[in-house]
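Sharing a structure, written as structure tokens. Questions coming.
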Amino acid sequence: MAEEKELRYDPAAIEAKWQERWAANPKLYAAEPASSSKPKYYVLEMLPYPSGQLHMGHVRNYSIGDALARHMWMRGYNVLHPMGWDAFGLPAENAALKNNTPPREWTLRNIAAMKRQMLRLGLGYDWATEVTTCLPGYYRWNQWFFLRMYEKGLVYRKKSKVNWCPECATVLANEQVVDGCCWRHEDTKVEQRDLEQWFLRITAYAQELLDGLEKLDGWPEKVRTMQRNWIGRSEGTEVDFFLAENVDEGLGTRDEGREVQGGLGIRGQRSERQRIRVFTTRVDTIFGATSVQLAPEHPVTEAFCAADAELKAKVDELIEQQTRAREAGDVGAIEKHGVPAGRFAINPYNGERVPIWVANYVLMEYGTGAIMSVPGHDQRDFEFAKKYGIEIRRVIAAAGPEAVEQELPFTSEDGVLVNSGEYDGLTCAAAQKKLQEVAAAGGFGEAKVTYRLKDWGVSRQRYWGTPIPMIHCERDGLVPVPDEQLPVVLPEQIEITQQGGSPLARVPEFVNTTCPKCGGPARRETDTMDTFIDSSWYFYRYTGAQNARAPFDSAKARYWFPIDQYIGGVEHAILHLIYSRFWTKVMRDLGLIENGEPARRLFTQGMVIKDGAKMSKSKGNVVSPDDMVARYGADATRMYALFAAPPDRDLDWQEDGVAGVSRFLGRVYRLVMKYAPIARRVRGENVALPVLHSGPQNILEDAESKLQRKLHQTIAKITQDFEGRWHFNTCVASIMELVNSIQSADASIASGGVNPAVIVELMRTLVLLLAPFAPYLAAELWEELGEQGDILRAPWPVSDPELAKEEELEVPVQINGKLVTVVRVAAAAAAEAMETAALSDEKVRSRAAGKRVVKVIVVAGKLVNLVVK
RNA sequence: GCGAAAGUGGCGGAAUUGGCAGACGCACCAGACUUAGGAUCUGGCGGGGAAACCCAUGGGGGUUCGAGUCCCCCCUUUCGCACCA
């Protein structure tokens with residue numbers, strides 16, 4: 001190296017070169033077959049919707065996943081790291097309206113653009129397994145699954161009140177309604193409409209979905225809690241209150257009531273005594289029930305209204321108030337209103353006659369839509385009773401010897417029954433059990449577990465989705481499309497308009513078909529499936545994306561599943577992640593897989609924000625990944641996304657920070673290039689590493705052992721982080737520290753104070769450590785160091801604890817807990833040696849002079865604290 | 001209202017178990033090299049003070065030889081849930 005010519009780090013050139021090389025070698029990122037002798041590792045990032053542009057949230061998500069995947073490759077794992085496209089959905093139809101581009105064309109073009117961006121970022125995906133959900137090769141399996149579920153009774157159709165987004169002009173699942181508004185249109189209120197809809201019986205798995213959460217200890221507690229709340233299990237009792245007098249209208253017992261979402265039809269045979277079934281978690285308080293409250297939409301309410309125009313007017317008013325309040329958004333703060341129905345119900349336990357009211361705080365969609373009101377022991381009933389002068393009765397007394405009369409409402413379950421006839425004196429828990437038995441024996445009630453989770457409404461009146469494979473025949477009714485006729489292909493030549501209703505209904509070639517059973521003329525179902533179906537199982541398809549005979553190969557799925565690490569945004573905590581768990585359980589019950597949960601570990605990364613707000617077009621604070629890559633390169637952009645904050649926290653995007661990372665990469669480049677010639681020479685000569693001198697006699701350290709120590713500490717730190725803590729921000733910082741150390745030692749290196757073999761070791765390892773974070777630069781420098789083969793297959797460095805160990809420590813010395821000085825001692829120094837060193841320190845002596853040392857606290861290897869008086 | 005997470009320099013953030021608060025980076029200041037620099041290198045950089053020192057992790061108490069970290073009360077922000085009977 002006679003003269004060093006100015007070397008400039010040119011990410012554009014380096015990255016272009018390697019992108020080309022990698023493209024020519026698709027095997028590089030491909031998983032090996034299940035017969036591989038390596039342990040498997042499935043790392044998955046949530047697949048994007050192909051909007052046409054990656055945003056920074058994607059860049060962050062994929063930078064985390066790619067770093068992990070690369071690390072695992074280097075650790076010798078057989079890694080599956082796939083990517084795909086959640087390609088059905090409304091934006092494609094909106095774009096079609098706006099630009100007159102067919103949805104398919106628009107979508108495929110967007111996919112191509114985003115794939116280019118991903119390749120430019122250097123993300124290591126196995127593109128041979130790419131999944132695109134809007135292609136018939138994929139969505140035919142949605143249809144296939146739908147038919148299998150239909151056979152198992154997990155699919156049903158019913159007319160119900162549904163959530164309707166006027167903006168989307170389609171139905172939404174409960175999970176897609178946020179604060180009474182559409183999840184995609186935050187300002188659009190969701191309306192209620194009556195429609196025939198297809199449902200998946202996710203409630204059949206409610207208990208299992210809940211129980212499974214206990215074992216998912218690799219998932220964030222936050223997500224598990226959200227799912228628990230969403231499933232909303234509650235144990236209680238259903239009890240029938242009899243109507244004091246029969247009503248002429250067609251009232252009856254409710255049998256399948258719970259299955260029905262929203263308003264329900266009045267059905268079932270007329271019973272001899274008409275009854276109102278209530279759900280309660282506190283049946284022990286039933287002697288305190290002083291009224292029965294019905295939801296305004298309850299069928300009994302409707303029956304009353306049919307016979308009482310005045311009541312109907314009042315109930316309609318209630319419903320309207322309720323709707324207005326919902327629209328205002330503050331559901332919890334709505335004042336309780338009600339109207340007396342002018343009728344009475346009979347408490348089955350004591351024959352007491354209590355008035356029936358219609359109340360706005362009783363929800364038709366939960367429980368039975370009717371409650372017994374116990375104002376003495378329920379906060380809400382109490383407020384209501386106060387307002388309307390309904391009797392408030394104490395039936396529970398606080399437990400304990402000096403049982404002070406608790407003020408009502410007393411809502412604790414820690415008490416005993418009073419004023420409850422023969423049940424007086426029982427504890428709440430005992431009374432609940434006893435009363436349930438009595439109800440069951442008497443045929444007027446039973447123990448009941450209720451869930452908040454509702455069945456999944458999957459019908460959408462949209463075009464760009466999977467056609468539901470069902471046929472309506474006048475003679476045979478509902479007929480499933482036979483498997484051999486799959487896929488039911490989405491017609492492509494179709495005019496997208498803004499008219500309501502299913503666009504497919506306006507395509508006669510699609511609608512008109514023949515009945516598979518009788519051969520007669522029939523009509524196809526024109527609803528399409530919710531796109532969350534697409535994303536419920538896509539990660540299984542990655543194990544064999546070309547499979548034309550089955551959704552996936554069960555043997556392969558057995559090998560790869562469960563996913564070892566799933567990474568995505570927390571916004572999918574309930575929607576996607578609960579549907580996926582449901583789908584996995586269904587597939588297991590179909591015998592396709594053995595795992596009961598899709599992913600062992602889940603990681604939810606934080607949002608990318610800028611200037612204190614989430615990046616969004618409306619706020620005008622969007623930073624384009626393309627711009628960043630063009631200015632600073634993919635390596636710097638990705639590394640900044642990891643460096644700026646720990647991955648689970650929100651990240652504040654600051655472009656100056658990207659520039660800083662880019663400068664750092666430049667320093668690495670120049671540093672390694674400077675020593676690359678030595679490395680190439682040493683490789684040829686096979687120079688042995690020197691043995692590190694150790695022992696207490698070597699308190700004076702030389703540059704060489706210092707550097708080696710720093711190196712091995714860095715290896716240990718980063719390796720540990722990949723194994724769990726995932727603080728990649730501090731991993732990057734530690735690499736920076738290592739580089740700083742090497743640069744500070746530059747003079748000693750130049751003067752020959754460092755063995756060339758150590759220099760090579762430093763350079764090689766530095767580049768290896770960098771590889772998961774800055775893959776382009778690492779690949780380039782690996783080659784410059786004269787190494788053969790791809791760095792992705794080079795073994796991850798191993799930290800030698802002996803080399804990482806400090807020989808000498810700086811020990812802080814405190815007096816009364818305040819820092820006074822720092823003394824240097826051998827790392828192995830015993831407590832006495834530390835104490836001696838501290839006490840003999842001049843500063844310590846002068847500070848302690850004239851005072852009495854009461855106590856000396858010595859923490860081996862940590863610190864010395866003198867307590868003086 | 002209920003639940004969870006968080007609050008540390010001008011900024012993003014460090015500080016695995018209680019043990020030198022501010023790693024690393026940005027911004028800023030000074031210097032070097034330069035025709036120039038949005039390049040590179042060197043040094044400085046929580047506040048107060050001439051210094052010795054003192055004060056500092058949202059606020060107030062407490063435990064401890066020692067608290068950013070543990071306990072109690074309060075404030076603020078973010079997220080989730082919100083009449084679930």
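In what follows, chains carry the letters A, B, and so on, assigned in the order in which the sequence lines appear, proteins first and then strands, with residues in each chain numbered from 1.
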Open item on the list: Give me syn or anti for B:G7, where syn covers glycosidic angles within 90 degrees of 0.
Closed with: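 B:G7: anti glycosidic orientation.
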Task: Nearest-nucleotide pick for A:Met226, side chain only, options being B:G12, B:G80, B:G13 - done: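 Per side-chain heavy atoms of A:Met226, the pick is B:G80.
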TODO: From the options B:G13, B:A85, B:C53, select the nucleotide whose nearest atom is closest to the side chain of A:Asn729.
DONE: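 The listed nucleotide nearest to A:Asn729's side chain is B:G13.
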Task: Parallel, tilted or perpendicular: rings of A:Phe279 and A:Tyr366 (30°, 60°) - done: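 Plane angle over 60°, so perpendicular.
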Open item on the list: What's the gap between B:G25 and B:U40 when it is taken at their P atoms, as a whole Å value?
Closed with: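 13 Å, rounded to whole Å.
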TODO: May I ask which nucleotide in the shown strands pairs with B:U69, Watson-Crick or G-U wobble, both distances under 3.5 Å?
DONE: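 Pairing partner: none.
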TODO: Counting heavy atoms from C-beta on, name the nucleotide in B:C20, B:G19, B:C26 closest to the side chain of A:Asp656.
DONE: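 From the listed options, B:C26 comes nearest.
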Open item on the list: Of the listed nucleotides (B:A85, B:U16, B:C41), which one gets closest to any side-chain atom of A:Thr281?
Closed with: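 Comparing B:A85, B:U16, B:C41 against the side chain of A:Thr281, the answer is B:A85.
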Task: Pairing partner of B:U57 (Watson-Crick or G-U wobble, both distances under 3.5 Å) - done: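 WC or wobble partner does not exist here.
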Open item on the list: If I pick the C1' atom on B:G59 and the same atom on B:U8, what distance separates them, to the nearest angstrom?
Closed with: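 It works out to 15 Å between them.
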Open item on the list: Both conditions, 6.0 Å and 45 degrees, for the charged tip of A:Lys336 above the ring of A:Phe384: are they met here?
Closed with: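 No; the conditions do not both hold, so A:Lys336 does not lie above the ring face of A:Phe384.
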TODO: May I ask you to say what A:Glu383 touches in the nucleic acid, namely base, sugar-phosphate or nothing, with a heavy-atom cut-off under 4.0 Å?
DONE: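 Answer is nothing: A:Glu383 stays at 4.0 Å or more from every strand.
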Task: Nearest to side-chain heavy atoms of A:Arg452, which nucleotide of B:C81, B:G12, B:C41 - done: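 Selected nucleotide (nearest to the side chain): B:C81.
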TODO: Using a cut-off of strictly less than 4.0 Å, decide whether A:Arg725 has a side-chain nitrogen or oxygen near OP1 or OP2 of B:A15.
DONE: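 Yes.
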Open item on the list: Heavy atoms only, 4.0 Å cut-off, all strands: where does A:Val867 land among base, sugar-phosphate and nothing?
Closed with: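 Result for A:Val867 = sugar-phosphate.
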- [ ] Choose from B:A85, B:G19, B:C83 the nucleotide whose nearest atom is closest to any side-chain atom of A:Lys336.
- [x]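 Minimum distance to the A:Lys336 side chain belongs to B:C83.
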Task: Gap in Å between the two P atoms, one belonging to B:C29 and one to B:U76, rounded - done: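 It works out to 38 Å between them.
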TODO: Under a 3.5 Å limit for both distances, which nucleotide forms a Watson-Crick or G-U wobble pair with B:A4, could you say?
DONE: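 Pairing partner: B:U78.
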Open item on the list: So, does A:Thr225 get its side chain near the phosphate of B:C81, meaning an N or O under 4.0 Å from OP1 or OP2?
Closed with: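 Answer no for this pair, as no side-chain N or O of A:Thr225 is under 4.0 Å from OP1 or OP2.
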- [ ] Could you tell me whether A:Asp381 contacts a base, only the sugar-phosphate backbone, or nothing, with contacts defined as non-hydrogen atoms closer than 4.0 Å?
- [x]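 No contact.
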Task: Integer-rounded Å distance: B:A27 P and A:Gln654 CD - done: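 Computing the A:Gln654:CD to B:A27:P distance gives 10 Å.
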Task: Options B:G12, B:A85, B:C41, nucleotide nearest the side-chain atoms of A:Ser234 - done: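 Nearest nucleotide to the side chain: B:A85.
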Open item on the list: Please report the distance, rounded to the nearest Å, between NZ in A:Lys862 and P in B:C65.
Closed with: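 After rounding, the reported distance stands at 20 Å.
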Open item on the list: Please confirm whether the shortest side-chain N or O distance from A:Asn229 to OP1 or OP2 of B:G3 is below 4.0 Å.
Closed with: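 No, no such contact exists.
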- [ ] Could you work out which one of B:C81, B:G25, B:A14 sits closest to the side chain of A:Asn740?
- [x]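 The listed nucleotide nearest to A:Asn740's side chain is B:G25.
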Task: Touch class at under 4.0 angstrom, heavy-atom based, for A:Phe643 against every strand present - done: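 The answer is base, as A:Phe643 lies within the cut-off (heavy atoms under 4.0 Å) of a base atom.
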Task: Distance, C1' atom - from B:A15 to B:G9, rounded to whole angstrom - done: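 Rounded to whole Å, the distance is 15 Å.
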Open item on the list: Heavy atoms only, 4.0 Å cut-off, all strands: where does A:Gly232 land among base, sugar-phosphate and nothing?
Closed with: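 Nothing, no nucleic acid heavy atom in range.
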Open item on the list: I need the CD-P distance between A:Gln227 and B:A4, as an integer number of Å.
Closed with: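 After rounding, the gap between these two atoms is 19 Å.
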- [ ] For the residue pair A:Tyr579 and A:Trp456, categorise the inter-ring angle as parallel (less than 30°), tilted (30 to 60°) or perpendicular (more than 60°).
- [x]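 Parallel.
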- [ ] Run the ring-centre check on A:Trp219 versus A:Phe603 and record whether the distance is less than 6.0 Å.
- [x]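 They do not qualify: ring centres at least 6.0 Å apart.
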- [ ] Searching all strands shown, indicate the nucleotide that pairs with B:A36 (Watson-Crick or G-U wobble; both distances under 3.5 Å).
- [x]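 Across any shown strand, B:A36 pairs with none.
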- [ ] Check every strand shown and say whether A:Val362 touches a base, only sugar-phosphate, or nothing at a heavy-atom separation below 4.0 Å.
- [x]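 If one applies the 4.0 Å heavy-atom cut-off, A:Val362 turns out to touch a base.
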Task: Listed nucleotide nearest any side-chain atom of A:Pro646, set B:C79, B:A14, B:C55 - done: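 Closest nucleotide among those given: B:A14.
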Open item on the list: If you compare every side-chain N and O of A:Arg663 against the phosphate oxygens of B:A27 (OP1, OP2), does one of them come in below 4.0 Å?
Closed with: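 Yes.
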TODO: Name the closest nucleotide to the A:Lys818 side chain, picking from B:C55, B:A14, B:C20.
DONE: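 Nearest to the side chain of A:Lys818 among the choices is B:C55.
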Open item on the list: Work out how far the C1' atom of B:G12 is from that of B:G7, and round it to whole angstrom.
Closed with: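 Nearest-Å result for B:G12 against B:G7 at atom C1': 15 Å.
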Open item on the list: Any carboxylate oxygen within less than 4.0 angstrom of a Lys/Arg side-chain nitrogen, looking at A:Asp841 and A:Lys843?
Closed with: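 Result for this pair is no, no salt bridge flagged.
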TODO: Starting from P on B:A6, measure out to CG on A:Asp650 and report it in whole angstrom.
DONE: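 Whole-Å distance recorded here is 13 Å.
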Task: Whole-angstrom distance between B:C65 and B:C75, as gauged at atom C1' - done: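 Here B:C65 and B:C75 have their C1' atoms 32 Å from each other.
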Open item on the list: For the P atoms, the ones on B:G68 and on B:C55, what distance do you get once it is rounded to whole angstrom?
Closed with: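 Their P atoms lie roughly 13 Å apart.
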Task: A:Lys454/A:Glu365 salt bridge by N-O under 4.0 Å criterion - done: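 Answer for the salt bridge query: no.
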- [ ] Flag the pair A:Phe664 / A:Tyr632 as yes when their ring centroid distance falls below 6.0 Å, and as no otherwise.
- [x]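 That pair fails the under 6.0 Å test.
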Open item on the list: Nearest whole Å is fine: how far is B:A85 C1' from A:Asp284 CG?
Closed with: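 Rounded to the whole Å, the gap is 13 Å.
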- [ ] For A:Lys855 and for A:Arg847, locate the closest nucleotide of RNA chain B by heavy-atom distance; then report the residue assigned to the nucleotide nearer the 5' terminus.
- [x]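 Mapping each residue to its closest nucleotide by heavy atoms, the 5'-most match is A:Arg847.
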TODO: For B:G31, give its Watson-Crick or G-U wobble partner with both distances under 3.5 Å, or none.
DONE: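 Result: B:C41.
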TODO: Between A:Gln814 and A:Lys222, just flag the one whose closest nucleotide in RNA chain B comes earlier from the 5' side.
DONE: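 Taking each residue's closest nucleotide, the earlier one in sequence belongs to A:Gln814.
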TODO: Return the value, rounded to whole Å, for the distance between atom CD of A:Gln743 and atom P of B:U40.
DONE: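 So the CD-P distance, A:Gln743 to B:U40, works out to 11 Å.
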- [ ] Quote, to the nearest angstrom, the C1' distance that separates B:U16 from B:C11.
- [x]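 Here B:U16 and B:C11 have their C1' atoms 26 Å from each other.
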Open item on the list: Between P on B:G25 and CG on A:Leu738, what's the gap in Å once rounded to a whole number?
Closed with: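 After rounding, the gap between these two atoms is 12 Å.
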Open item on the list: Under 4.0 Å, counting only non-hydrogen atoms across every strand here, what does A:Glu810 touch: a base, just sugar-phosphate, or nothing?
Closed with: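 Here A:Glu810 touches the bases of the nucleic acid.
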Task: Output field: ring centroids A:Tyr349/A:Phe444 closer than 6.0 Å - done: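 Yes; A:Phe444 has its ring centre under 6.0 Å from that of A:Tyr349.
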- [ ] Report yes or no: is there a donor-acceptor pair, N or O only, under 3.5 Å between the side chain of A:Asn865 and the base of B:C65?
- [x]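 Checked by distance alone, the answer is yes.
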Open item on the list: One thing to verify: whether A:Lys386 and A:Glu383 come together as a salt bridge, which I'm taking to mean a side-chain N less than 4.0 angstrom from a carboxylate O.
Closed with: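 Looking at A:Lys386 together with A:Glu383, the answer is no, because their closest N to O distance does not fall below 4.0 Å.
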Task: Watson-Crick or G-U wobble partner of B:G9, both distances under 3.5 Å - done: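 Here B:G9 is not engaged in any pair, so there is no nucleotide opposite it.
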Open item on the list: Can you measure A:Lys843 atom NZ to B:C53 atom P for me and round it to whole angstrom units?
Closed with: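 Roughly 5 Å, once rounded to whole Å.
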